[in-house]
Amino acid sequence: MKKINLLLIISLLGCLKNVNAQEDNRRVITTAVPFLLIAADARASGMGDMGVATPVDAFSQQWNPAKFVFSETKSGVGLAYTPYLRELVSDINLGQLTYFNRINERSAFAGSLRFFGLGGVELRETADQVPREVEPNELAFDLSYALRLSEQFSMAVTGRYIRSDQRIPGFNGDATAANSFSADISAFYQSEEQFYNSFGGRWRFGAAISNIGPKIRFDDAGDENFLPTNLRLGGGFDFILDVSNRIGVYLEFNKLLVPTPPALEVDEQTGQLTPESQLALNDYRNGDPFSGIFNSFSDAPDGFSEELQEITWAMGAEYWFEDSFAFRLGYFHEAEEKGFRQFLTLGAGFKYNAISIDASYLFSTTPVQNPLEGTLRFSLTFNIGEDTYIEY
């Protein structure tokens, strides 16, 4: 295990909350436990980190659990592994285990466990002191239930337990882990196969609001932090060229439903925040997370133009041959003032009988280095049981 000192781990934790914030006046929205928003599976990450309206798979638990009632497989298990900040350290990793079961024609349930390990950290106050090693980590466990409300439309609800153990014992007093709960609500539409002049096709649309819940606090004296409540909207179309060839194209929009930090002014004489700015900052820190969901659409200091900058979008494509080999391409875009994450992704998949293997790779297209740059992500899916469903 590669050891890193305390200053570096604090910097890394700051990166996890906002890996691309460069200037305070850019008002980049930051939250606690941002690992919940990282694309864990290689299929979604190969298409630009999207999944709300793509075809169902075992990892739909993260993106849109309402898709599970459209699975042609009775049940399945997904395993995913993502190295994080690999160009700096070797022991920060994200892992996810997912299970789903389509109970009958109308309903399904699923669950997942996500673990984010921040590696080994050596704590010492002087260079000569014998170090004490700790391993900060975060995890989330969730369960969902999906119900088919019509032949083409379904909805799902999800409950989630969140635990964040990032505290540094001996430096911040109480070192207990922070805990919280959240809920998701999602919807999915999948049309029947339609026939055109020379090909068939299928439309898909999805929506999901994830991580709705109270703030999380890491110590009694510190501020409460917003959870990464997030809205996803997306759609796509599958070009079914023939029995052997299928191409899907998808588009997705995301917006954090978290208040935008206020515009702050500093008094030139004292070097401190003006009374008005300090009051605005206090109101922001003490804001209610549930009213913040609704206010997040209209609270940006620069108005509607800044609200638009807070929307990220991604587009992706997936080609399948003989339902055995897949090739994927994606692009993700975030405004420069709100983080400047912009990257291309490539992915591939192989399916044999009940096993699917996927891999993806990311290329940043901006000067801001992405924490997943140079990282090869993998995921495995195992279909369980012989019962299958037919979706026309």
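Predicted, not measured: the structure shown is a model, and the values here were computed from it. One is the number of the first residue; the rest follow in order along the sequence.
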Open item on the list: Is it the case that the side chains of Asn254 and Asn230 hold a donor-acceptor pair, with the cut-off being a distance below 3.5 Å and no angle test?
Closed with: yes

Check ion pair Asp358-Arg328 (N to O, under 4.0 angstrom) | yes

Fill in: Residue pair Glu322 / Ser244, side-chain donor-acceptor N/O under 3.5 Å
yes

Quiz item: Is the Phe239-Phe237 ring centre distance short of 6.0 angstrom?
Solution: yes

Cation-pi check, Lys255 onto Phe297 ring (under 6.0 Å, within 45° of axis): yes

* Asked: Could you walk me through whether Ser144 and Gln61 pass the side chain to side chain donor-acceptor pair (under 3.5 Å) check?
  -> CA-CA 8 Å; Ser144 66; Gln61 178 72 354; 2.7 Å; yes

* **Phe378 reachable from Tyr361 in the ILVMFWY side-chain graph, under 4.5 Å edges** => yes

Problem set entry | Flag for Gln96-Thr98: side-chain donor and acceptor within less than 3.5 Å | yes

Applying side chain to side chain donor-acceptor pair (under 3.5 Å), run through Asp41 and Trp63 and close with a yes or a no.
CA-CA 10 Å; Asp41 64 290; Trp63 306 100; 3.1 Å; yes

**Request:** Given salt bridge (charged side-chain N to carboxylate O under 4.0 Å, His left out), test Glu306 with Lys338 step by step and report yes or no.
**Result:** CA-CA 9 Å; Glu306 186 173 354; Lys338 294 297 178 176; 2.8 Å; yes

TODO: Answer yes or no: are there more than 12 heavy-atom neighbours, outside Gln278 itself, under 6.0 Å from its atom CD?
DONE: yes

- Validation row: Leu227, Val33 side chains within 4.5 angstrom (heavy atoms): yes

I want to check something: taking the side chain as every heavy atom from C-beta on, are Leu256 and Ser296 in contact at a cut-off of under 4.5 Å?
no

| said: Whether Arg102 engages the ring of Tyr389 as a cation-pi pair (distance to the six-membered ring centre under 6.0 angstrom, angle to the ring normal within 45°) should be assessed. | reply: yes

The residue among Phe70, Phe382, Phe68, Tyr145 that forms ring-ring contact (aromatic ring centres under 6.0 Å, His included) with Phe100 is Phe68

Check: Would you say the side-chain atoms of Tyr250 and Glu252 include a donor-acceptor pair closer than 3.5 Å?
Finding: no

**Prompt:** Just wondering, are more than 12 heavy atoms of other shown residues or ligands nearer than 6.0 Å to OH in Tyr196?
**Reply:** yes

Checklist entry - Backbone N or O of Glu334 within a donor-acceptor pair of the Gln342 side chain at under 3.5 Å? => result yes

Just by distance, no angles: are the side chains of Thr158 and Asp142 close enough, under 3.5 Å, to form a donor-acceptor pair?
no

message = When you compare the side chains of Ser164 and Glu138, does any donor N or O come within less than 3.5 Å of an acceptor on the partner?
response = yes

dist Thr31:OG1 -> Ile216:CD1 (nearest 0.5 Å) comes out at 10.0 Å

Pair Arg160-Asn211, side-chain donor/acceptor within less than 3.5 Å:
yes

Notebook entry, point to check: Do Ile212 and Ser182 have side-chain heavy atoms sitting under 4.5 Å apart?
Noted result: no

- Answer whether the closest heavy-atom distance between the side chains of Met47 and Met315 falls below 4.5 Å. no

Q) What class does the angle between the rings of Phe226 and Tyr284 fall in, given that below 30° is parallel, 30 to 60° is tilted and above 60° is perpendicular? A) tilted

* Asked: Between the side chains of Thr381 and Ser356, is a donor N or O closer than 3.5 angstrom to an acceptor N or O?
  -> no

* Asked: Going by atom types alone, do Asp302 and Ser305 pair a side-chain donor with an acceptor below 3.5 Å?
  -> no

Checking side chain to side chain donor-acceptor pair (under 3.5 Å) for the pair Glu310/Thr260: CA distance, chi angles, key distance, verdict?
-> CA-CA 9 Å; Glu310 293 178 356; Thr260 304; 2.6 Å; yes

Practice item. Would you tell me whether Tyr84 and Asn93 have side-chain atoms, one donor and one acceptor, within less than 3.5 Å of each other? Key: no

request  = Would you tell me whether Lys67 and Thr54 have side-chain atoms, one donor and one acceptor, within less than 3.5 Å of each other?
outcome  = yes

Assert yes or no for the condition that the ring centre distance of Phe141 to Tyr161 is strictly below 6.0 Å.
-> no

Are Arg202 and Asp238 close enough for a salt bridge, meaning some N to O gap below 4.0 Å?
no

